[in-house]
Protein chains: 2
Amino acid sequence: MPQPVRSSSKKDRRQESETLILAAAEKVFSEAGFGGATMQLIADVAGLPKANLHYYFPTKEALYRQVVQNIFQIWLQAADIFDAADGPAEGLGAYIDAKMEISRRHPEGSKVWATEVMHGAPVIQDYLETTLLDWTDGRAKVIERWIEEGRMDPIDPRHLLYMLWATTQHYADFGHQIETLNGGKSLSNAQWEAAKTSVKQIILRGIGALD
Amino acid sequence: MPQPVRSSSKKDRRQESETLILAAAEKVFSEAGFGGATMQLIADVAGLPKANLHYYFPTKEALYRQVVQNIFQIWLQAADIFDAADGPAEGLGAYIDAKMEISRRHPEGSKVWATEVMHGAPVIQDYLETTLLDWTDGRAKVIERWIEEGRMDPIDPRHLLYMLWATTQHYADFGHQIETLNGGKSLSNAQWEAAKTSVKQIILRGIGALD
DNA sequence: GCTGATCTTGACCATACGGTCAGGATAATC
DNA sequence: GATTATCCTGACCGTATGGTCAAGATCAGC
């Protein structure tokens with residue numbers, strides 16, 4: 001029995017435990033959904049007794065809420081690339097790359113987010129109505145400017161954004177299906193590159209940003 | 001209190017009850033996931049006592065399995081249009097229309113399917129490995145032929161299919177998010193048409209099938 | 001209207017779950 | 001090394017859930 005390593009100072013311990021629990025929770029929630037996940041299983045994955053979870057997070061819902069909020073932050077962060085861009089080919093291309101990378105490195109988070117939204121966003125509805133709405137309006141304006149400047153075809157910005165989200169997140173949310181259709185093997189580096197290239201080519205060409 | 005109508009003959013009764021239960025189950029599963037759904041709630045939605053559900057479906061899992069299988073049938077059915085087509089613009093355009101229509105009319109089914117796959121397809125893994133794999137291979141061949149005939153750009157057929165699925169199903173799976181970003185109102189007829197048009201335009205143009 | 005098969009259901013059961021708590025361990029501060 | 005605040009955890013509890021069952025209702029066929 002190896003002793004659990006506790007190399008942290010007093011100050012960090014709370015955060016360290018919370019991070020450990022949140023990682024375990026994200027994994028379990030993504031695999032079983034909120035209803036299917038159990039605090040006992042999360043505790044087992046984290047390697048802690050169940051009661052310890054309730055010390056840091058009073059309820060299952062509080063833990064879940066924190067998981068979803070963390071995911072939302074990553075989600076928004078990918079937009080920074082969008083803003084810094086000069087035109088649609090560069091900006092949207094970089095955004096697609098960033099979101100594909102998130103789907104690859106952080107698929108659990110994407111799944112939790114997807115499940116939450118599919119079930120009517122009971123926990124993060126307020127985020128959708130405020131932060132996400134503002135974010136979307138802002139990007140839509142950028143896209144509209146690109147259209148006015150003649151740098152891409154006149155496309156409804158909303159539907160373009162939905163398409164970007166749908167396509168990139170599909171590689172995380174439906175990763176299991178893709179893997180099965182890939183002979184049971186997860187995508188290789190080359191296949192991930194091909195995916196990114198295909199998505200970028202179709203969308204950027206489809207909106208007339210590559211001519 | 002209105003009397004429950006029982007206009008059926010003996011022969012139909014079983015099927016009628018099963019259909020009623022399956023409809024309720026699809027709704028509840030789509031809103032709460034497998035783990036979050038309860039047999040009691042499904043029974044309430046169906047307007048039947050819980051014990052009656054267990055007469056027709058021995059376990060919650062058997063009921064769920066039947067729901068998912070029914071959805072899978074609808075999923076595959078949309079492919080008929082694909083086959084009858086002459087070229088990519090016609091075939092893929094009709095396929096997009098068909099899948100968008102399913103997303104609009106049958107969003108619950110899409111959500112159940114998505115959740116099932118996201119959780120690793122514990123119930124329908126065999127379908128993925130057999131029926132879906134065959135289906136995908138078949139369509140990929142059709143797309144490859146179109147490419148050889150010079151009727152569209154050389155795109156990896158798999159990634160194109162993933163994009164079609166992702167984009168069209170997004171309008172069902174993330175319908176709540178779209179609705180919220182639409183000011184809390186569900187998409188109007190005109191907006192649905194705009195969605196279909198945008199998706200078709202971007203994809204068909206993006207693969208070089210519209211020039 | 002009797003019979004047998006199918007259907008219906010209220011009451012019940014075992015289990016598993018989220019959450020609580022009291023008491024003990026740990027470690028920083030003086 | 002005494003004090004104090006924080007952290008840890010085994011044992012426990014009330015509840016809700018999936019599932020069972022036996023007794024009754026319904027109805028086609030005769």
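Hydrogens, waters and symmetry mates are skipped; everything else that's a heavy atom, side chains included, is used.
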Write down the protein N/O and nucleotide N/O pairs, taken from nucleotides 18-20 of chain C, whose separation is under 3.5 Å; answer none if there are no such pairs.
{"unit_1": "dG18(C)", "atom_1": "OP1", "unit_2": "Ala37(A)", "atom_2": "O", "d": "3.2"}
{"unit_1": "dG18(C)", "atom_1": "OP1", "unit_2": "Lys60(A)", "atom_2": "NZ", "d": "3.1"}
{"unit_1": "dG18(C)", "atom_1": "OP2", "unit_2": "Met39(A)", "atom_2": "N", "d": "2.9"}
{"unit_1": "dG18(C)", "atom_1": "N7", "unit_2": "Lys50(A)", "atom_2": "NZ", "d": "3.0"}
{"unit_1": "dG19(C)", "atom_1": "OP2", "unit_2": "Lys60(A)", "atom_2": "N", "d": "2.6"}
{"unit_1": "dG19(C)", "atom_1": "N7", "unit_2": "Lys50(A)", "atom_2": "NZ", "d": "3.1"}
{"unit_1": "dG19(C)", "atom_1": "O6", "unit_2": "Lys50(A)", "atom_2": "NZ", "d": "2.8"}

#### Entry: Value rounded to 0.5 Å, distance of CD in Gln191(A) from OG in Ser186(A)
8.5 Å

### Query
Within 45° of the six-membered ring axis of Trp146(B) and under 6.0 Å from that ring's centre, is NZ or CZ of Lys141(B) located there?
no

### Task
Verify the distance criterion only: is there a donor paired with an acceptor across the side chains of Tyr64(B) and Glu116(B) at less than 3.5 Å?
yes

#### Entry: Length of the line joining Glu16(B):CD and dC7(C):P, which is rounded to integer Å
12 Å

### Query
Should the pair Glu31(B)-Lys111(B) be classified as a salt bridge under the 4.0 Å nitrogen-to-oxygen rule?
no

### Message
In this structure, is the centre-to-centre distance between the rings of Trp75(A) and Trp165(A) below 6.0 Å?
### Response
yes

### Rounded interatomic separation in angstrom, taking CG from Asn52(A) and P from dT6(D)
16 Å

### Message
If I take atom CD in residue Glu18(A) and atom C1' in nucleotide dC8(D), what distance separates them, rounded to the nearest angstrom?
### Response
15 Å

### Message
Checking side-chain contact (heavy atoms from CB on, under 4.5 Å) between Val28(B) and each of Val112(B), Leu41(B), Asp44(B), which is the one that passes?
### Response
Leu41(B)

#### Entry: Spacing of Tyr55(B) atom OH relative to dA5(C) atom P, expressed in whole Å
12 Å

### Query
OP1, OP2 of dC7(D) versus side-chain N and O of Arg14(A): anything below 4.0 Å?
yes

### Query
Rounded to whole angstroms, how far apart are CD on Gln15(B) and P on dT6(C)?
17 Å

